[in-house]
Number of protein chains: 2
Amino acid sequence: MSTCKIYTGRMPTGSGADLALLLLGSYRNLVDEVVDELARRGFPDARPSHEYAMRAIQAGADNASALGRSLAITKQAAAKTIAALTERGYVTTEASPLDARRRQVHLTEHGLALMRAGAAIFDEVRARWEQRLGAGELARLEEQLAQFVGDSPIRLDAPGWVARDQADGH
Amino acid sequence: MSTCKIYTGRMPTGSGADLALLLLGSYRNLVDEVVDELARRGFPDARPSHEYAMRAIQAGADNASALGRSLAITKQAAAKTIAALTERGYVTTEASPLDARRRQVHLTEHGLALMRAGAAIFDEVRARWEQRLGAGELARLEEQLAQFVGDSPIRLDAPGWVARDQADGH
DNA sequence: AGAAGTAGACAACCTGGTTGTCGAAAAAGG
DNA sequence: CCTTTTTCGACAACCAGGTTGTCTACTTCT
């Protein structure tokens with residue numbers, strides 16, 4: 001509890017570095033909450049990156065190379081992701097009849113269930129934010145953020161943060 | 001150029017998952033810009049995590065254990081960070097005269113220069129955002145984000161994203 | 001003095017990425 | 001039709017930034 005914070009609340013709203021911390025912190029809070037709730041609802045091994053990868057698969061990136069392109073990562077990394085998803089039973093692969101090189105990926109029922117649960121929880125959390133801010137305010141915030149994001153592909157090579165409680169070694 | 005995007009702009013502002021992507025994307029855009037500019041200004045090996053670690057060091061976390069507590073990571077990870085900073089010449093360590101176990105860390109002139117440059121660039125980017133949004137708007141946005149962050153310590157175990165151009169293997 | 005706690009080092013490991021190389025299959029083009 | 005080029009996926013080695021667990025040296029508390 002006494003972990004002193006790198007950013008100790010209510011800062012004077014001015015420094016660019018703090019703005020970055022605010023953005024990162026908000027993201028983390030949102031995502032951590034979703035991951036925790038997902039674990040509680042029977043998906044203890046779901047990681048943020050899985051969600052995004054499965055979205056891309058659902059949207060048509062049904063093989064390693066395409067998934068890599070879609071996620072702006074290498075096909076090798078994409079293949080690893082697919083392997084992880086397969087291990088956990090969220091997707092299956094099979095040989096493509098059209099192209100003997102391809103291994104075609106698609107979601108299992110379990111995978112679809114994860115996506116439904118994930119989307120629902122995301123929306124719940126967003127609804128809580130909306131309640132705190134007011135509907136118009138949140139929409140405005142999203143619009144403003146969208147301006148900064150522009151049309152740049154969002155790279156989510158953000159890795160390991162599962163928000164496990166940090167118990168310092170022994 | 002044809003990397004299809006996971007989030008293709010102007011989304012309808014409603015889904016919680018997209019909100020997460022907006023936050024992450026904004027953060028990445030901001031930080032990538034700073035890292036790039038830092039490289040251009042003579043700090044080609046500066047990583048986002050360095051900035052944050054050095055801030056904590058400057059704020060008094062002048063040994064591995066303290067730095068770990070400050071950053072909410074293990075002391076081992078903190079020691080690795082200190083090693084990386086030392087390698088790059090941003091900090092030096094010396095034995096503490098008061099406590100023979102401790103290795104006291106402090107910033108070098110080069111490290112201070114990095115921090116000055118980093119802060120300046122961060123502020124420049126923020127100023128550009130402010131210009132686009134209007135001063136009041138950005139302040140409001142920051143305030144709203146601060147509400148979501150609350151007083152939770154911001155964990156920045158976000159790792160490897162340096163936004164290097166993704167050239168797919170051969 | 002002795003017990004308990006803390007600082008840091010070392011080793012092994014994990015995750016989500018990265019190169020680079022390769023063989024097999026498909027597509028393009030003479 | 002045969003050759004060249006491209007693409008897909010696999011394998012191996014590596015890296016960054018974390019994690020545990022174990023261990024020794026030093027401090028502090030009683």
Side-chain angles (χ1 to χ4, degrees), chain A residues 2 24 28 35 45-53 61-88 93-105 155-170, chain B residues 2 24 28 35 45-53 61-88 93-105 155-170:
Chain A
S2 67
L24 179 57
R28 294 254 359 207
V35 170
D45 54 1
R47 313 291 315 274
S49 62
H50 295 164
E51 279 268 331
Y52 299 127
D62 68 337
N63 61 76
S65 294
L67 182 58
R69 280 190 296 267
S70 186
L71 261 33
I73 59 179
T74 57
K75 60 185 176 181
Q76 292 87 336
K80 280 194 200 179
T81 300
I82 291 173
L85 290 173
T86 305
E87 244 171 46
R88 290 165 165 83
T93 63
E94 61 189 337
S96 158
L98 302 131
D99 187 334
R101 296 168 301 177
R102 264 184 169 92
R103 305 235 71 222
Q104 206 155 352
V105 185
R155 308 195 53 213
L156 21 78
D157 37 6
W161 60 38
V162 218
R164 45 178 140 255
D165 28 19
Q166 73 275 14
D168 190 346
H170 102 143
Chain B
S2 67
L24 179 57
R28 293 253 0 209
V35 169
D45 53 2
R47 313 293 314 275
S49 62
H50 296 163
E51 279 268 331
Y52 298 127
D62 67 337
N63 61 77
S65 295
L67 182 58
R69 281 189 295 268
S70 185
L71 260 33
I73 59 178
T74 57
K75 59 187 178 180
Q76 292 88 337
K80 279 195 201 180
T81 300
I82 291 173
L85 291 173
T86 305
E87 243 171 48
R88 289 163 166 83
T93 62
E94 61 190 338
S96 159
L98 303 131
D99 186 335
R101 297 168 300 177
R102 266 185 168 92
R103 306 233 71 219
Q104 206 155 351
V105 185
R155 309 194 53 215
L156 21 78
D157 36 6
W161 60 39
V162 218
R164 49 179 134 252
D165 29 16
Q166 71 276 11
D168 189 348
H170 103 138

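Each chain gets a letter, A, B and so on, in the order its sequence line appears, and its residues count up from 1. Below, all heavy atoms of this structure are taken into account, side chains as well, without hydrogens, waters or symmetry copies.
Dashed line: the shortest gap from a side-chain N or O of Thr74(B) to OP1 or OP2 of dT19(D) is under 4.0 Å. Here Arg47(A) does not reach the OP1 or OP2 of dT15(C): none of its side-chain N or O atoms lies under 4.0 Å away. Residue Thr81(B) has no polar side-chain atom (N or O) positioned under 4.0 Å from OP1 or OP2 of dG17(D). Applying the 4.0 Å criterion to OP1 and OP2 of dG8(C), one finds that Ser65(B) has a side-chain N or O inside that range.
Computed from coordinates, the Leu98(B) CG to dG8(C) P distance equals 13 Å when rounded to whole Å. One interatomic measurement links the two molecules: CD of Gln76(A) to P of dC22(C), which rounds to 14 Å at whole-angstrom precision. Rounded to an integer number of Å, the gap from NZ of Lys80(B) to C1' of dG8(C) is 14 Å. In this structure, Arg69(A) atom CZ and dG9(D) atom C1' are separated by 12 Å, rounded to whole Å. With rounding to whole Å, Asp99(B) atom CG is found 8 Å from dT6(C) atom C1'. Rounded to whole Å, atom C1' of dA24(C) lies 12 Å from atom NZ of Lys75(A). Taking atom CZ of residue Arg103(B) and atom P of nucleotide dT27(D), one finds them 14 Å apart after rounding to whole Å. The distance between atom NE2 of His50(A) and atom C1' of dG16(C), rounded to the nearest whole Å, is 10 Å.
Side-chain proximity of Arg101(A) to the nucleotides dG18(D), dA26(C), dC26(D) is greatest for dA26(C).
Counting heavy atoms from C-beta outward, Leu24(A) and Arg28(A) have side chains that approach closer than 4.5 Å. Arg88(B) has its side chain within reach of His50(B): a pair of non-hydrogen atoms, C-beta onward, lies under 4.5 Å apart.
Residues Ala95(B) and Arg103(B) share a closest heavy-atom pair of N-NH2, 3.3 Å. Smallest separation of non-hydrogen atoms from Ala53(B) and Leu85(B): CB-CD1, 4.2 Å.
Among the atoms of the strands shown, none is found under 4.0 Å from any heavy atom of Ala79(A).
Just one of Asn63(B), Ile82(B), Asp62(B) meets the side chain to side chain contact (heavy atoms under 4.5 Å, CB included) condition when paired with Thr93(B); it is Ile82(B).
If Ala100(A) and Asn63(B) are placed on DNA chain C by their nearest nucleotide, the residue sitting closer to the 5' end is Asn63(B).
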